[in-house]
*Asks:* 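The structure under discussion is supplied below as structure tokens; questions concerning it will follow.
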Amino acid sequence: MARSSRETYSLNKNKYLLRPELDRLNYIIYSFLDAQPRDCLLLSLALKTGARAQELLNIQFGDINEYDQTIYIRGIKGSNDRELPVKKDLFRRLLRLKQEARDQGKNSQRPDLQKHLFPISYPRLVQIWQHYRPVHKKFHSLRHTFAIELYKKTKDIRLLQMALGHRNIANTMIYADYVYSQTELRRLLL
């Protein structure tokens with residue numbers, strides 16, 4: 001009998017950033033904000049949207065909605081597209097990078113510089129993550145961290161499903177199951 005993805009995939013503390021690790025990453029991002037604005041924005045967006053690496057790299061200038069202060073994420077791997085709100089300070093940095101990237105794109109012969117917010121390759125994104133990461137965890141840990149933090153804050157599985165772009169709620173349930181089991185075990189054993 002075939003197992004569902006929910007049965008074969010389980011979260012553990014090695015797959016997301018623990019609170020001290022998340023605090024450390026936020027400190028690192030803040031420290032390099034002026035020196036490396038693009039890199040810091042890329043990492044901040046990953047943390048604040050839960051977008052996958054390739055979804056971030058696919059963001060185009062037209063995906064940034066200045067009126068609503070949202071960003072449109074094109075889903076990959078069978079995920080739904082979604083439009084997510086972005087906090088004001090992060091959105092201002094997003095607009096600044098958009099303008100700089102547009103200006104660079106006008107002076108370039110490369111088509112990717114003319115339409116993508118982050119005109120870098122996946123291997124370059126991995127290099128950036130390896131440079132800034134507070135612990136030896138994968139870039140995808142930022143997506144899991146976003147999901148766990150949002151679920152802890154809202155306890156709304158449908159909202160989390162929409163934010164992550166999951167088509168099947170079973171994929172989203174791993175976060176609810178994990179948070180619940182960790183909370184209950186702490187309550188019962190401590």
*Asks:* Could you tell me which non-hydrogen atom of Trp129 sits nearest to which non-hydrogen atom of Pro134, and how far apart they are?
*Replies:* CH2-CD, 4.1 Å

*Asks:* Are a donor atom and an acceptor atom from the side chains of Arg167 and Asn80 found within less than 3.5 Å of each other?
*Replies:*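 Side-chain D/A pair, Arg167 to Asn80: present.
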
*Asks:* Is any side-chain heavy atom of Ser79 closer than 4.5 Å to one of Arg52?
*Replies:*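 Arg52 vs Ser79: side chains touch.
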
*Asks:* Check this for me: Asp89, atom CG, are more than 12 non-hydrogen atoms of other residues, nucleotides or ligands nearer than 6.0 Å?
*Replies:*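 Correct, the count exceeds 12.
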
*Asks:* What closest approach, in Å, do Leu18 and Lys13 show between heavy atoms, and which atom pair accounts for it?
*Replies:*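 Scanning both residues, the minimum pair turns out to be CD2-CB, 3.8 Å.
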
*Asks:* Tell me, do Glu149 and Leu22 make a side-chain contact under 4.5 Å, heavy atoms counted?
*Replies:*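 Of all side-chain heavy-atom pairs linking Leu22 with Glu149, at least one is under 4.5 Å.
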
*Asks:* Compare all side-chain heavy atoms of Asn171 with those of Leu164 and state whether any distance is below 4.5 angstrom.
*Replies:*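 Answer no - side chains too far apart.
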
*Asks:* Any idea which heavy atoms bring Leu17 and Lys137 closest together, and the distance?
*Replies:* CD2-CD, 4.1 Å

*Asks:* Indicate the atoms forming the closest heavy-atom contact of Cys40 with Arg93, along with that distance.
*Replies:* CB-NH1, 4.5 Å

*Asks:* So how far is it from Gln54 CD to Ile76 CD1, rounded to the nearest 0.5 Å?
*Replies:*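 The CD atom of Gln54 sits 6.0 Å away from the CD1 atom of Ile76.
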
*Asks:* When rounded to the nearest 0.5 angstrom, what distance separates CD in Glu83 from CD1 in Ile73?
*Replies:* 9.5 Å

*Asks:* Specify the closest pair of heavy atoms between Arg38 and Ile128, including all atoms of both residues, with the distance to one decimal.
*Replies:* NH2-CD1, 3.7 Å

*Asks:* Evaluate Glu21 against Arg24 for side chain to side chain contact (heavy atoms under 4.5 Å, CB included), listing each step before the verdict.
*Replies:* CA-CA 5 Å; Glu21 297 165 349; Arg24 177 76 180 135; 5.5 Å; no

*Asks:* Which residue is it: Tyr175, Phe139, Tyr178? I am looking for the one with a ring-ring contact (aromatic ring centres under 6.0 Å, His included) to Tyr16.
*Replies:*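 Single pass found, and it is Tyr178.
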
*Asks:* Taking the side chain from Asp39 and the backbone from Gln36, do they hold a donor-acceptor pair closer than 3.5 Å?
*Replies:* no

*Asks:* Please list every donor-acceptor pair under 3.5 Å in which a side-chain atom of residues 151-158 meets a protein atom from a residue at least two apart or in another chain.
*Replies:*
from: Thr154; atom 1: OG1; to: Leu150; atom 2: O; distance (Å): 2.9
from: Thr154; atom 1: OG1; to: Asp156; atom 2: N; distance (Å): 3.2
from: Lys155; atom 1: NZ; to: Lys152; atom 2: O; distance (Å): 3.3
from: Asp156; atom 1: OD1; to: Arg158; atom 2: N; distance (Å): 3.1
from: Asp156; atom 1: OD1; to: Leu159; atom 2: N; distance (Å): 2.9
from: Arg158; atom 1: NH1; to: Gln161; atom 2: OE1; distance (Å): 3.0

*Asks:* Sort out for me which residue in Asp68, Thr70, Val86 forms a side chain to side chain contact (heavy atoms under 4.5 Å, CB included) with Phe91.
*Replies:*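 Looking at Asp68, Thr70, Val86, the match for Phe91 under the side chain to side chain contact (heavy atoms under 4.5 Å, CB included) is Val86.
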
*Asks:* Indicate whether the side chain of Asn65 and that of Tyr72 have a donor and an acceptor atom separated by less than 3.5 Å.
*Replies:* no

